[in-house]
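Since the structure comes first, as structure tokens, the remarks are kept for the end.
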Amino acid sequence: MSLAARHLEANGIPTVIMACAKDIVEFAGVPRFLFSDFPLGNSCGKPKDVASQDLTLELALGLLESATGPRTTMQSPLRWKDDASWKLDFSNIEKMSPEEIARRRAEFDRQKAIAKGIRESGAKAAD
Amino acid sequence: MDENKQDGLGFAAEYDRPIPYMQRIRDYYVTLGYGTPYRWANYADVPFTKPTKPLSESRVALITTAAPYQPDKGDQGPGAAYNAGAKFYTVYSGDTAAEHDLRISHIGYDRLHTTAEDSNTWFPLPALRRAAAKGRIGEIAPRFHGAPTNRSHVTTLDVDCPELLARCRADNVDAAILVPS
């Protein structure tokens with residue numbers, strides 16, 4: 001998605017990205033980025049919280065208006081929770097048992113095979 | 001309990017910072033036995049285009065990585081396990097005047113701390129409508145666009161990005177909001 005923002009921007013369309021993965025988006029290098037420090041999946045605000053969704057969109061729109069140069073990141077002032085310990089969990093290998101790692105390895109192989117099957121059937125359909 | 005606050009400095013907890021996803025994911029796959037690390041895109045130069053008209057007169061496009069719900073493609077949530085079967089591999093578009101059921105079960109969102117129960121957290125079309133209704137933006141572009149995930153960078157750059165640009169141009173958009181999930 002960062003690549004799409006860059007491409008639109010380079011071709012004259014101003015963009016703003018709304019996202020939760022700060023390091024990945026900033027590493028790519030994008031024009032404007034509204035960062036919400038929330039679990040992935042909540043780029044546009046909190047679930048069942050219209051006020052937070054409106055505020056998040058407003059911050060993104062504000063960036064479209066106010067940014068004066070590329071790599072402009074703004075962090076939403078909203079907090080997911082007062083307790084930030086949720087940030088320790090995502091894909092944190094240090095918190096997984098050997099059994100959990102083995103289970104995830106098997107699941108990863110399974111999903112990869114499914115995705116490969118879809119890509120190949122799509123390629124055949126396009127032929 | 002935040003130990004640092006006990007020091008009287010008012011610092012947040014040491015881990016209370018944006019999650020270092022690249023490091024986490026790299027370590028995760030190396031431990032699972034997939035040694036070749038994913039190469040995230042990065043660029044030294046970043047383009048920038050100043051808006052030419054006020055937002056209140058602008059036509060704004062919405063671009064998403066979410067996928068239309070496909071009843072025959074397994075559990076797509078809320079709370080569904082990762083579902084690669086729900087992926088899509090070409091750009092699609094939808095009518096912004098219509099209602100849509102878009103899901104993110106094909107994306108690696110945080111399944112421990114959120115459940116994907118409210119599509120407004122990844123597809124802000126209703127919020128954008130509210131912004132348009134009160135004149136904050138001029139109007140919503142007639143179509144939103146779906147950007148494929150799990151593509152090679154080459155495919156994204158050579159196929160998907162030009163396609164998204166062509167569709168935005170066809171709709172005469174003045175600005176775009178992009179939401180990866």
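Just the heavy atoms: all of them, side chains too, but no hydrogens, waters or symmetry mates, feed the values below.
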Legend entry - Cationic N near anionic O, under 4.0 Å, D45(B) to R71(A): no
Inset, instruction - Under 4.5 Å heavy-atom distance to chain A, tell me which part of A131(B) shows up: side chain, backbone, both or neither. - result: side chain
Inset, instruction - Return yes if some donor-acceptor pair links the side-chain N/O of S91(A) with the main-chain N/O of Y21(B) below 3.5 Å, else return no. - result: no
Inset, instruction - Flag the pair E65(A) and R136(B) as a salt bridge only when some basic side-chain nitrogen lies within less than 4.0 angstrom of an acidic carboxylate oxygen. - result: yes
Legend entry - Main-chain N/O of A84(A) paired to D16(B) side chain as donor or acceptor, under 3.5 Å: no
Inset, instruction - Examine distances only and state if a side-chain atom of S181(B) and a backbone atom of G41(A) form a donor-acceptor pair shorter than 3.5 Å. - result: no
Inset, instruction - Check step by step if side-chain contact (heavy atoms from CB on, under 4.5 Å) holds for M96(A) and T31(B). - result: CA-CA 11 Å; M96(A) 293 173 200; T31(B) 306; over 6 Å; no
Legend entry - NZ or CZ of R6(A) within 45° of Y43(B) ring axis and under 6.0 Å: yes
Inset, instruction - Would you tell me whether N83(B) and Q111(A) have side-chain atoms, one donor and one acceptor, within less than 3.5 Å of each other? - result: no
Inset, instruction - Verify whether one side chain among R105(A) and Y34(B) offers a donor that lies under 3.5 Å from an acceptor in the other. - result: no
Inset, instruction - Check whether L164(B) gets within reach of chain A through its side chain, its backbone, both or neither, counting any heavy atom under 4.5 Å. - result: both
Legend entry - Atom group of T64(B) that falls short of 4.5 Å from chain A, counting heavy atoms: backbone
